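First the structure, in the form of structure tokens, and then the observations on it.
Every chain is numbered from 1 and lettered A, B, ... according to where its sequence line falls, protein lines coming before strand lines. Since we're looking at a predicted model, the values are computed, not measured.
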Protein chains: 2
Amino acid sequence: MAQPWQEAPSTADAAVFRPVRAGNAFEETVERLLQAIRLGVAVPGERLPAERELATRLGVSRVTLREAIRSLQQAGYVESRRGRYGGTFVNEVLPLPQPTSDRGGGADLADALTLRQVLEAGAAEAAAGRSLGQNDRRNLRARLAECVAADVGEYRRRDSRLHLAIAEATGSASLTAAVADVRMRTNELLDAIPLLEPNLAHSNEQHERIVTAILDGDAEAARREMAEHLSGTAALLRGFLS
Amino acid sequence: MAQPWQEAPSTADAAVFRPVRAGNAFEETVERLLQAIRLGVAVPGERLPAERELATRLGVSRVTLREAIRSLQQAGYVESRRGRYGGTFVNEVLPLPQPTSDRGGGADLADALTLRQVLEAGAAEAAAGRSLGQNDRRNLRARLAECVAADVGEYRRRDSRLHLAIAEATGSASLTAAVADVRMRTNELLDAIPLLEPNLAHSNEQHERIVTAILDGDAEAARREMAEHLSGTAALLRGFLS
DNA sequence: CCCTAATGGTCTAATGCGAAACCATTGAGG
DNA sequence: CCTCAATGGTTTCGCATTAGACCATTAGGG
């Protein structure tokens, strides 16, 4: 209890002296596989890459990857089969996400929402301001259609998948990765509040406008529509977790 | 040479199956300490936090932290003194950054520039759209003044420090961290091209307009001015590293 | 003048993790 | 029916990293 404030407030070193790694290799690998499933990148029934290849891509030893997979098996997310044409498959029925018990609190909520707003509105604008190839255009339209055709149980995953496609359309791998990460954080929070049919329809209308703006190359509109789209759920979250 | 395309293009898994960690603990710790120095968070002559505290904050063992510090000593960045009121101090004269030998190439350049544009323009807008406290306002003005008073040798660090202060003003720790990271990447590229006096003056005028917009709460202007500010160096880089 | 607290410097035991080899299983195709 | 290739499953060895205790040095305060 010597001094109330240590030395000086000397800002910004909180950002640069933050922890070097979020957890051990095992935990981070589990998190990443969960990301693939919950963001709809790995679809139910689909096979994950073979262990040897996946371990290489994740930059992790096969032993560590297998431990992660095993814990996902026990949690009911995946199932593994041996032999040629075997592999690890995403289950058709997935466990319900736990309400996360309000961990993090309000500070973390504002942090995630601010970052999401910046990343995703910026991604929409950047994607619109670029000449997209056939692949990107097809990808956007396909993901949009999947959202429209989704029922309540699948919506969260397909919604995430569309937003990821928008980030991909910027051509920036780092930006795409950042969007995937922040989306995992916000999805965790969104699991605490119910997903209703009317919201779903409204969301689809906004998606339509966003994708149209991007395909038309209207960067200003893309940003505006995305910002409005996000502010909806942001307000919802702030209300629920006040 | 069985199939030209493996299975399906199935996009977005490149983002989610990217490497879990950027390197080993030692390398990442070195990178983080360099970040503190090169972004002007740790000022020449200043003392870093004590090893025990710093190791805790970085989430790394003291042994690993000390190895990182030792390699920075050998590179001429810091010096350590024992005894009470000792510590590790940033050198007054710092080594010149190596021209990085064009590693990464064009794809990496576009990636970094896109991400920077999104993060920093978004940060300026978010900061302006928030009611800032006395600390944030003072911080912004102080960093701006330091830029104006800087000569060529210090400019890059003080410039980074100002941009970091803007990110901090958003109140989002994650966003601040992301800005710090992308800034390290772009600074590495900027080291390949010379820093001229006229650019410096022009940069200061833009900084002035950005900070004013933020302090006035004019989000639209803050975004616009920041976007223009960034597009200048972006064009410069694209020209040099074509 | 000595004592003490805070710092960097060193050592050791335990563990996480990766690399690589090898085993077991499966289904397609000859 | 057999063979083979691709997959998950297992084991072993070695290095990286951690946690914790302990040593050495320094400057200020009694």
Side-chain angles (χ1 to χ4, degrees), chain A residues 1-3 6-8 17 19-33 36 42 45-75 77-91, chain B residues 1-3 6-7 17-33 36 42 45-75 77-91:
Chain A
M1 51 193 67
Q3 297 126 297
Q6 328 253 46
E7 304 183 332
F17 293 144
V20 165
R21 12 194 68 171
N24 55 32
F26 163 73
E27 289 167 348
E28 290 191 45
T29 303
V30 170
E31 204 57 34
R32 208 57 90 61
L33 296 179
E46 197 177 86
R47 202 194 78 173
L48 296 180
E51 289 182 356
R52 289 168 180 80
E53 181 198 337
L54 194 48
T56 302
R57 290 176 62 179
L58 292 177
V60 131
S61 85
R62 217 184 130 203
V63 182
T64 301
L65 171 62
R66 282 179 51 67
E67 279 172 12
I69 289 177
R70 186 156 52 91
S71 91
L72 289 189
Q73 277 176 351
Q74 292 170 345
Y77 284 96
V78 299
E79 222 166 85
S80 294
R81 292 198 294 273
R82 300 220 285 193
R84 194 171 185 176
Y85 305 96
T88 301
F89 297 80
V90 180
N91 283 341
Chain B
M1 51 192 67
Q3 297 126 298
Q6 327 254 46
E7 304 183 333
F17 292 144
R18 90 202 109 111
V20 167
R21 14 194 68 174
N24 54 34
F26 164 73
E27 289 168 347
E28 290 192 45
T29 305
V30 170
E31 204 58 32
R32 208 56 90 62
L33 297 179
E46 197 178 85
R47 202 196 77 172
L48 296 180
E51 289 182 355
R52 290 168 179 80
E53 182 198 336
L54 194 49
T56 303
R57 290 177 62 179
L58 292 177
V60 132
S61 84
R62 218 186 128 203
V63 181
T64 301
L65 171 63
R66 281 179 51 70
E67 280 173 11
I69 289 177
R70 187 156 51 92
S71 90
L72 288 188
Q73 276 176 352
Q74 291 171 346
Y77 284 96
V78 299
E79 223 165 87
S80 294
R81 292 199 293 274
R82 300 221 281 193
R84 194 172 184 177
Y85 304 96
T88 301
F89 297 80
V90 180
N91 283 342

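- Residues B:L33 and A:F17 come closest through the heavy atom pair CD2-CE2, 4.3 Å.
- Atom pair A:F26:CZ and C:dT15:C1' shows a separation of 16 Å (rounding to whole Å applied).
- Atom CD of A:E51 and atom C1' of C:dA21 are 16 Å apart (whole Å).
- Think of the region where chain A sits on DNA chain D: with heavy atoms and a 4.0 Å cut, that region ends 5' and 3' at D:dA5 to D:dT11.
- Along DNA chain C, the nucleotide nearest A:G59 and the nucleotide nearest B:G87 are compared for position; the residue whose nucleotide lies closer to the 5' end is B:G87.
- Atom CG in A:L54 sits 5.0 Å away from atom CG in A:L65 (nearest 0.5 Å).
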Self-check item: side chain to side chain donor-acceptor pair (under 3.5 Å) assessment of B:T88 paired with B:E79
Solution: CA-CA 6 Å; B:T88 301; B:E79 223 165 87; over 6 Å; no
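- Near DNA chain D, meaning a heavy atom under 4.0 Å away, the residues from residues 60-69 of chain A are A:R62, A:V63, A:R66.
- A:E28 has no carboxylate O lying under 4.0 Å from a charged side-chain N of A:R32, or vice versa, which leaves the two without a salt bridge.
- With rounding to whole Å, B:E28 atom CD is found 15 Å from C:dC17 atom C1'.
- When the side-chain contact (heavy atoms from CB on, under 4.5 Å) test is applied to A:S61, the partners found at least two apart in sequence or on another chain are A:V63, A:T64.
- The salt bridge (Lys or Arg N to Asp or Glu O under 4.0 Å) test with B:E51 is passed by exactly one of B:R62, B:R57, B:R70: B:R62.
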Within the sub-3.5 Å range, which N or O atoms of nucleotides 23-27 of chain C have a protein N or O partner, and how far apart are they?
| from | atom 1 | to | atom 2 | distance (Å) |
| --- | --- | --- | --- | --- |
| C:dA24 | O3' | A:R82 | NH2 | 3.4 |
| C:dT25 | O5' | A:R82 | NH2 | 3.3 |
| C:dT25 | O4' | A:R82 | NH2 | 3.3 |
| C:dT25 | O2 | A:G83 | N | 3.3 |
| C:dT26 | O2 | A:R84 | N | 2.8 |

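- Judged as a side-chain contact (heavy atoms from CB on, under 4.5 Å), and not counting sequence neighbours, the contacts of A:F89 are A:R47, A:R81.
- Summary for the helix from C:dC1-D:dG30 to C:dG30-D:dC1: the axes at its two ends, each from 5 pairs, differ by 0° when rounded to the nearest 10 degrees.
- How far OH of B:Y77 is from CG of B:N91: 10.5 Å, rounded to the nearest 0.5 Å.
- Along DNA chain D, the nucleotide nearest to B:A25 and the one nearest to A:R81 differ in position, and the one closer to the 5' end is contacted by A:R81.
- Rounding to the nearest 0.5 Å places CD1 of A:I69 at 9.5 Å from OG1 of A:T29.
- Atom-to-atom distance recorded for A:E27:CD and A:E67:CD is 11.5 Å, nearest 0.5 angstrom.
- Taken from CD in A:E53 to CG in A:L48, the straight-line distance is 10.5 Å, to the nearest 0.5 Å.
- Rounded to an integer number of Å, the gap from B:N24 CG to C:dG16 C1' is 14 Å.
- Residue B:E53 contributes atom CD, which lies 10 Å from atom P of C:dG8 at whole-angstrom precision.
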